[in-house]
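Notes to accompany the following structure.
Every chain is numbered from 1, with letters handed out A, B, ... down the list of sequences. Heavy-atom basis, side chains included; hydrogens, waters and symmetry copies ignored.
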2 protein chains.
Amino acid sequence: MSTVGKAISLLELFSIDTPELGLTDIARRSGYDKATTRRLLVSLADHGFIEQDPVARLYRLGPGLTRLARIREARFPFLQTSLPYIRELAVSTAETVHLSEASNGSLLTVYVEHPARANRVNVNLGELLPLHSTASGIAFLAHARELVRRSALAQPLAAFTAHTVTDPALLQAQVEAASGRGYSVSDQGYEDGVASVAAAILGADGHAIGTLAVAAPLVRTDSATSAERGEAVAAAAREITEKLTGERYETVRHRSST
Amino acid sequence: MSTVGKAISLLELFSIDTPELGLTDIARRSGYDKATTRRLLVSLADHGFIEQDPVARLYRLGPGLTRLARIREARFPFLQTSLPYIRELAVSTAETVHLSEASNGSLLTVYVEHPARANRVNVNLGELLPLHSTASGIAFLAHARELVRRSALAQPLAAFTAHTVTDPALLQAQVEAASGRGYSVSDQGYEDGVASVAAAILGADGHAIGTLAVAAPLVRTDSATSAERGEAVAAAAREITEKLTGERYETVRHRSST
DNA sequence: AATGATGGTTCAAATAATGAGCCAAAAAAA
DNA sequence: TTTTTTTGGCTCATTATTTGAACCATCATT
């Protein structure tokens, strides 16, 4: 792997649950030598991507990331635009709502809102979602670039639960259904006992740039509530798309075929 | 420079004004070879730090940054906590308000709010502020770790304008004045015609982790307005500190001496 | 058709990264 | 207290990665 890749992989060891780590810990988790790890950390710290607690000597993600993220958001206000809709959905459905962004062939969870109830679906910020077994993934494929969709369907489809769709033809059907309906549905495709719906948010060229999803425990889901959530998610995704592109949803959507 | 440093320096070429760049452009601005530049970009893109517009082939900052920034913010909600206070200050002062964060011995501008008027002070997101010649820098030094303050005072003090304080003893006096008053004042120390006030935001250990500043054109500033802005900025910084640490400001503040 | 951009690629030479082993200091254990 | 273990940090000969001149393909302009 490139040195740059190694350095970045160190950053990816940090998460909501482990926001601070010691040198030895980082070295062990990354698999790199302690000296190498430290050198990489120092390089990252030089640019504010990592900072070290001066007293505990633990490392954590640095402010340089916040700065660059804001520059990106200024050009591409994906999260900012979506936030109010996520909040509204979280209130109206009282279930977990999460926003994902396409990032080199995967879906990256950029934001999550959990309901204040004991039995809920937990989605971790920063989690990578498989394209074939989540509502988000299917919604994304329904509006992905032809090439992306093909390669996703051609790959071996890992079974996460007994309900995961592993037959490419079935998956294709689900993707088409999502395309027609405006939202996708996943019944325990990724985790047992979880039912999700999702809709794609489109970029100016008509292809999906991310997805908005509602995930609920199966016990609170039947076909009526699922459809209700689906419609709500689809409506929100449509509005976000319009805000981002400044054009009517149908106009944007039909651009993907040209 | 380390390869990692080179890669990150590519990211730093992007700004609010130039959010998208072509390969040749990036190579020219960074000074690296085109092949090298591309290899670095690909490494960065592999981790979502850079993404390439599939049609225009321009590069821009990627969603991976947003994700990591959110992980940091979850642990360290500096920006999020400060935002409402910045907004309020922007309204009440009708001048430029900016928030900076300490990042390896420098102050990094993380957020800026500009007033909607023609004659205003422009501060760029992502800008690095010198410690000795800006209100932010002085406020920071007033609450910095002893070692940091010493080394800042020991360094040669560059003169940005005719008004920049370059005498260490005078600077020391300004820092002490800021410490006593609760906010710092800079009269054209960094740019001609600009008067600023700033206050430090403290971390749990009582040392400054960032600063909040109001910058205004000299023509709209006299000692009364300056004091008014100073008090406002100091009050906001105090409240942000309390929100972040969950303790009374005085308690936090006195911890820095132990 | 020629020109001058652009993005992207190759491979021997040059350079930077690597990691075993060392040190000092701080915790943890005796 | 003293001893042991663990931690962060550092060095330098070996090794693997990075580098960049030269190259190609494509597109827009002349």
Side-chain angles (χ1 to χ4, degrees), chain A residues 1-14 18-62 75 104-105 145 147-148 151 205 207 258, chain B residues 1-14 18-62 103-105 145-148 151 204-205 207 258:
Chain A
M1 196 198 283
S2 72
T3 313
V4 177
K6 287 177 199 162
I8 296 179
S9 75
L10 293 189
L11 295 176
E12 303 190 326
L13 296 176
F14 296 88
T18 55
E20 290 179 305
L21 291 166
L23 172 61
T24 308
D25 217 3
I26 298 174
R28 194 183 55 249
R29 285 168 191 243
S30 64
Y32 305 132
D33 185 88
K34 201 153 52 82
T36 302
T37 304
R38 182 152 194 287
R39 214 162 21 73
L40 294 175
L41 286 172
V42 168
S43 294
L44 290 167
D46 284 345
H47 294 263
F49 277 30
I50 282 282
E51 69 182 7
Q52 189 179 21
D53 188 305
V55 18
R57 300 216 276 184
L58 294 174
Y59 295 88
R60 60 167 169 255
L61 297 175
R75 172 63 164 198
N104 48 286
R145 228 164 275 284
L147 205 92
V148 175
S151 88
D205 65 351
H207 290 113
T258 54
Chain B
M1 196 200 286
S2 73
T3 314
V4 176
K6 287 177 200 161
I8 296 179
S9 73
L10 294 189
L11 294 176
E12 304 191 326
L13 296 176
F14 296 88
T18 54
E20 289 179 305
L21 291 166
L23 172 60
T24 308
D25 217 2
I26 298 175
R28 194 184 53 249
R29 285 168 191 243
S30 64
Y32 307 131
D33 187 87
K34 199 153 55 85
T36 302
T37 304
R38 182 152 197 287
R39 214 167 19 77
L40 294 175
L41 286 171
V42 168
S43 294
L44 290 166
D46 283 345
H47 294 263
F49 277 28
I50 281 283
E51 70 182 7
Q52 190 180 22
D53 189 305
V55 17
R57 300 216 276 186
L58 293 174
Y59 296 89
R60 61 167 169 253
L61 297 175
S103 174
N104 49 285
R145 227 164 276 286
E146 185 61 32
L147 204 91
V148 175
S151 87
D205 64 352
H207 290 114
T258 55

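Per the geometry, OH belonging to B:Y59 stands 13 Å off P belonging to C:dT6, to the nearest Å. Rounded to whole angstrom, the span from the CE atom of B:M1 across to the C1' atom of C:dA17 amounts to 16 Å.
Atoms OG1 and CZ, on B:T37 and B:R29 in that order, are 12.5 Å from each other to the nearest 0.5 Å.
Nucleotides of DNA chain D with any atom under 4.0 Å from a heavy atom of chain A span, from 5' to 3', D:dT7 to D:dT18.
Remark: the backbone N or O of A:R57 is paired with a side-chain donor or acceptor of A:Q52 at under 3.5 angstrom.
Taking the C1' atoms of five terminal pairs at each end of the helix from C:dA1-D:dT30 to C:dA30-D:dT1, the two resulting helix axes are inclined by 40°, rounded to 10°.
For the pair B:A35 and B:D25, nearest-nucleotide mapping onto DNA chain C gives the more 5' position to B:D25. If you find the closest nucleotide of DNA chain D to A:S2 and to A:A56, the one lying nearer the 5' end belongs to A:A56.
Side-chain contact check for B:V4 versus A:F49: every heavy-atom pair is 4.5 Å or farther apart. Between B:L10 and B:Y59 the shortest side-chain heavy-atom distance does not fall below 4.5 Å. The side-chain heavy atoms of A:T18 and A:L13, taken from C-beta on, include no pair separated by under 4.5 Å.
Side-chain atoms of B:R57 lie closest to C:dG7 of the nucleotides C:dG7, C:dT9, C:dT18.
When the side-chain nitrogen and oxygen atoms of A:Y32 are compared with OP1 and OP2 of C:dA20, none of them lie within a distance under 4.0 Å.
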- Are A:S2 and B:S43 close enough, and set up right, to give a side-chain hydrogen bond (donor to acceptor under 3.5 Å, both in side chains), and what steps lead you there? CA-CA 7 Å; A:S2 72; B:S43 294; 3.2 Å; yes
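Across all strands shown, B:K34 has heavy atoms under 4.0 Å from base atoms, whether or not it also approaches the sugar-phosphate.
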